[in-house]
> 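One structure coming up, written as structure tokens, with questions to follow.
The structure displayed is predicted, hence computed values, not measured ones.
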Amino acid sequence: MESSDYALRGVKESATKKNKQCKDYRRLDWSFYPTLDEIYNWLDLIIRKWPHIVTGFNVGYSYEGRLIRGVKLSFQTGRKAIFVESNIHAREWITSAACTYLILELLFSRDPDVREMAARLDWWIVPVLNVDGFVYSHEKDRLWRKSRKPVSSDCMGVDLNRNFEYLWGRITHDPCSNQYGGTHPLSEPEVEQLTKFINSSIPEGSLKIYIALHSAAQAVLLPWTHTRELPLDYDRLMYVAKSFADAVYPRFRTKYRYGTSANILKYCGTSKDWAYAVKAIPIAFTIELPGRGRPSPFELPKGAILRVGLELLDGRNVLPGKRRTYRCLDWTFYPTLCEIYSWMDFIIKEYPKVVTSFDIGRSYEGRLIRGVKLSFKPGKKAIFIESNIHAREWITSSACTYLIMQLLFSRNPDIREMAESLDWWIIPVFNVDGFVYSHEKERLWRKSRRPASPDCIGIDLNRNFSYKWDLRKCEDPCSNVYSGPHAESEPEVEQLTNFINKKIPNGTIKIYVALHAAAQAVLFPWAHTKVPPRSYKELLHVANAFADALFPRYRTRYFCGIMANALKLVSGTSTDWAYSIKGIPIAFCIELPGKGTPKRFELPEKMILRVSAELLDGFVGMIRAVKDLEKRFKSEFFLSRRSLFPQNFGYPTFDWTTYPKLSEIYSWLDVLTTKRSNIVTDINIGTSPEGRLIRGIKISFKPGNKAIFIEANVYGKEGITSSATIYIIMKLLFSKNADVRDVAESVDWWIIPVLDVDGFFDAYEKKSLWRNSTPDFFEAYRNFNYARKPPSPHMELLKKFIDVNIPKDYLKIYITLHSGVQAVLTPRSNSEEFPANYNHLLYVAKAFVDALFPRFHTKYTYGSSANILNEKICSHGSTDWAHGDKDVPIALVIGLPKDRPMPFQLPKRAILRVSKELLDGFVGIIKAVKELSYV
């Protein structure tokens, strides 16, 4: 029968199975012997969960049409290979059980020796080769050995391990024998397709080890089986076989024999001899698992599965090469990843009540990203520390492990108090692939190791976090700060954020620290803008406490401040993500020393203890300052009552009793874009002359709507406009009023709460009456200067943004909010001539005025700008530009009320009143525009 016939048989069998009820497969836990379906189901799981490492492959179809499946495990590119085949004899169930356990450990073991072994080779593994016989042994005859192909009128099956083509003729020709080798070499589809697969699918010369798992002779068998003559490299093979037997023995005192097959057993036509002779694979063994001496050697009890699996793993010295010994960490050298992991295993084993191991997942090349949690008392808040996100910054992981050591063993009362006041989640090496590469190949390697383009390798993981990723992303794949193709594109970053989101209870992390080198600084958000964060004073206080605490030991001075002021403006950093998305109140990037030295990322090893001791001092000062702030804020932990959102970072709330700062508005926008990402989209107009972002949001409840554009705070000091605007945003999102809901969902809302960010900052951070360059109300309104002179920078940015991002026919309403006029103004401002649709404009303006009047009986005037402000006839403002150039049919300036003594500074008690009136007015505007069929 040709291979296509076997495939057809498999298709028919698969089609039949579709009509059967789906089975609930047991999850493999090595406490039972799994069926073929359960093994294949488990293979599907690991292939799906770890696609970067595990690849499925099919050898072909058996005689009865079943797929012969395997998996390839590849942790690094360019490796030589090992091939493992198992259960060629159906009754030897222990072989497939031990084989799947081997796969499990190769994927998940934290033992440095196992990790090294896993990464050294590509692993091609077929857990069950004799699939037909295996199924038959589970369903009918437990001790069935051969395949299931009829060989005579009375007998079934061929011994597949006697059917390989090397010296096939020296076998029994009795079809009823358990060792019947078939009618000719490769007569069996299973054997034929295995040899074809190896010949055609695995690059010639890459296979260096071939293992055939059997039972139950408890032996390691070398070639040959057909003769007692020794193979040419007998001594080397015996050395490796002895290494396996010696490594297996200590755990359970199991003694394996080792030698040539002919001296221990007698048969020929085997896979091992074929691999050694025909394929010239230098290391080819049959490993016979235990069972010898038992009443039923092929029926090991289920309780023995894990024992045999562990012993098989212990026998990893089948891989040639000297076993590595790891140096014990003493902070006089820079350790490798394996040495750090080995030390972590030691403290986890020795102090299990305090130290718990965790891993966040696997890197691109398949390495585990591991950490430890230190918890001395239950019910504590947490600190999270990640280190070595940049591979070359070795000092960070060394200092990080020193910190762990001191937290565990120091008797200093200050350190003990610090250690026991928090739960400590610590990842000593985050960029594991780059870290290993920097140790083995290129000392100053910085990025990860995922190919970024055909010519370049690696992504800067500290530019790949989701917060503001696209704002200042680097798109050059060859750059050292390449941000990746999209936010959280890298498995390391994605898995870290998933781990924190899912494994650490929300709200428990109060401090996040990213350890870096070598700027010698304590930096906090933001990295993407020079606008200070909402809790700037508190962050600076804690940063200064860190710097002050470490200074006395060696007189080392750390800079403290916003990341954007110390480094270049960047986006996608872990600290910005932690502070904004996760709402962690203290988020620091601590840059260890190195600046000013000839090789700033290559601090001499004698500096490790010095830097580490300083870091410990700094942490003591930092935690002490955090506790002081907690007392000061009565455990609100830096979330003041003026915050635009509550402590649990749920839906935003704000009482509109005070004028918020720019950073508070932006923090509130961040919460909206995170919590309502399906409705709210962040928009960035550009950067002001002083480096501040001009930001806004788009609110869209359904596709296909027309749009309204609202700009506020065109003057820096007109804080009432931005306060009223964020009130409008809040109501659009959360109001249950039927009229407001109808208005909200009738159009897409593009809203810029603060346009003149520099002037606003001066007015509300420096407490000046900044209004741009003149006390004249109309100056900023005229700043588009459509007919006169170039517009101001923020107006130019706004104009470019609208030109590029908003289609012409899409925008139907344009609103500019001002204060101090109490009027609704239509175009034009530089001419008393009315625009063509003046009647429509006047109708909408009147609708606004009529809608807001009933609440507090506030009277607004309305008309053209030139007629109402006749003494101030001027060149075109933004509404004139929108109406004239962009053909927006409804373009209005809404001047909010004024207070007579201070027209641009309404008292705080008026904020809510004005905001509610503005909302009423917008309801009137949208209803009127709908009546006019513009939307």
> Do R91 and Y136 form a cation-pi contact, if we require the NZ or CZ to be under 6.0 Å from the six-membered ring centre and within 45 degrees of the ring's axis?
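No, R91 and Y136 do not form such a contact.
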> Measure up the W124 and F197 rings against each other and bin them: parallel (under 30°), tilted (30 to 60°), perpendicular (over 60°).
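Answer is perpendicular, since the angle exceeds 60°.
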> Quiz question: by atom type and distance under 3.5 Å, do the side chains of R228 and T260 form a donor-acceptor pair?
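There is no such pair between these side chains.
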> For a 4.5 angstrom cut-off between non-hydrogen side-chain atoms, does W30 reach L28?
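Touching, per the 4.5 Å side-chain cut-off.
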> Centre of W50's six-membered ring, under 6.0 Å away, within 45 degrees of the axis: is that where NZ or CZ of R48 sits?
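That pair does not qualify as a cation-pi contact.
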> Show your working on side chain to side chain donor-acceptor pair (under 3.5 Å) between T270 and R162 and close with a plain yes or no.
CA-CA 5 Å; T270 65; R162 305 295 184 270; over 6 Å; no
> Tell me the closest heavy-atom pair linking I369 and V429, and the distance in Å.
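Smallest interatomic distance, heavy atoms only, reads CG2-O, 3.9 Å.
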> So, D154 versus S152: side-chain donor-acceptor pair below 3.5 Å or not?
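No, no side-chain donor-acceptor pair sits under 3.5 Å.
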> So I360 and F430, do their side chains get closer than 4.5 Å, heavy atoms only?
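A side-chain contact under 4.5 Å exists here.
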> Whether the S448 and D433 side chains hold a donor-acceptor pair (N or O, under 3.5 Å, no angle test) is what I'd like checked.
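No donor-acceptor contact under 3.5 Å links the two side chains.
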> Parallel, tilted or perpendicular for W394 and H439, by the 30°/60° rule?
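Because their plane-to-plane angle is under 30°, the rings of W394 and H439 count as parallel.
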> Just by distance, with hydrogens left out, do D159 and H89 show a side-chain donor and acceptor under 3.5 Å apart?
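Side chains of D159 and H89: pair found under 3.5 Å.
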> Ignoring hydrogens and geometry, is there a side-chain-to-backbone donor-acceptor pair from N163 to S187 under 3.5 Å?
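Side chain of N163 to backbone of S187: a pair is present.
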> Determine whether the aromatic ring centres of F244 and Y256 lie less than 6.0 Å apart.
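Centroid distance F244-Y256: below 6.0 Å, so yes.
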> Check whether the side chains of T332 and D330 place a donor and an acceptor atom closer than 3.5 Å, and report yes or no.
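Side-chain D/A pair, T332 to D330: present.
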> Give a yes or no on whether a salt bridge exists between E204 and K279, defined as a side-chain N under 4.0 angstrom from a carboxylate O.
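Yes, this pair counts.
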> Determine whether a donor-acceptor pair (N or O, by modelled atom type, separation under 3.5 Å) exists between the side chain of N58 and the backbone of G60.
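Between the backbone of G60 and the side chain of N58 there is no qualifying donor-acceptor contact (under 3.5 Å).
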> How close do P231 and Y276 get, heavy atom to heavy atom, and via which atoms?
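Between these two residues, the closest heavy atoms are CB-OH, 3.5 Å.
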> Just checking, is any N or O donor in the side chain of T225 or D273 under 3.5 Å from an acceptor N or O on the other one?
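The criterion, which ignores hydrogens and geometry beyond distance, is satisfied for D273 and T225.
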> Tell me whether R120 forms a cation-pi arrangement with W123, defined as NZ or CZ under 6.0 Å from the six-membered ring centre and within 45 degrees of its axis.
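Not flagged: R120 not positioned over aromatic ring of W123.
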> Between E492 and S363, is any side-chain donor less than 3.5 angstrom from a side-chain acceptor?
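Looking only at side-chain atoms, S363 and E492 do not form any donor-acceptor pair under 3.5 Å.
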> Quick one: does NZ or CZ of R69 land under 6.0 Å from the six-membered ring centre of Y40, within 45 degrees of the ring axis?
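Geometry flag: set, cation within 6.0 Å and 45°.
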> May I have the list of side-chain donor-acceptor pairs in residues 296-308 shorter than 3.5 Å, sequence neighbours left out?
residue: S296; atom: OG; partner: E299; partner atom: OE1; Å: 2.4
residue: R307; atom: NH2; partner: F252; partner atom: O; Å: 3.3

> Does the plane of the ring in F83 sit parallel, tilted or perpendicular to the ring in Y210? Use 30° and 60° as the thresholds.
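Geometry flag for Y210 against F83: parallel rings.
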> Just by modelled atom types, is the A219 backbone N or O under 3.5 Å from a matching donor or acceptor in the E288 side chain?
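No; zero donor-acceptor contacts below 3.5 Å.
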> Is any side-chain heavy atom of I287 less than 4.5 Å from a side-chain heavy atom of H214?
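No - every pair of side-chain heavy atoms lies 4.5 Å or more apart.
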> Using a strict threshold of under 4.0 Å (side-chain N to carboxylate O), is an ion pair present between D122 and K80?
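Judged by the 4.0 Å cut-off on N to carboxylate O distance, K80 and D122 do not form a salt bridge.
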> Spell out, as yes or no, whether a donor-acceptor pair under 3.5 Å connects the side chain of S62 to the backbone of R66.
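A pair under 3.5 Å: yes.
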> One thing to verify: whether D314 and R251 come together as a salt bridge, which I'm taking to mean a side-chain N less than 4.0 angstrom from a carboxylate O.
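The answer is yes: the pair qualifies as a salt bridge.
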> Given 3.5 Å as the limit, does a donor-acceptor pair link the side chain of W168 with the main chain of G181, or not?
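Yes, the answer is positive, given that a donor and an acceptor are paired below the 3.5 Å cut-off.
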> Can you confirm whether L213 sits close enough to E92 that some side-chain heavy atom of one is under 4.5 Å from a side-chain heavy atom of the other?
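In short, these two side chains do not touch, never coming nearer than 4.5 Å.
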> I'd like to know if the side chain of R115 reaches the main chain of L106, judged simply by a donor and an acceptor atom lying under 3.5 Å from each other, with no hydrogens or angles considered.
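Yes; at least one donor-acceptor contact below 3.5 Å.
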> Hydrogens and angles aside, do S147 and N130 bring a side-chain donor and acceptor to less than 3.5 Å of each other?
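Their side chains do not contain a donor-acceptor pair, so the 3.5 Å distance test is not met.
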> Is it true that the side chains of E85 and S271 contain a donor and an acceptor less than 3.5 Å apart?
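Note: E85 and S271 side chains meet the donor-acceptor criterion.
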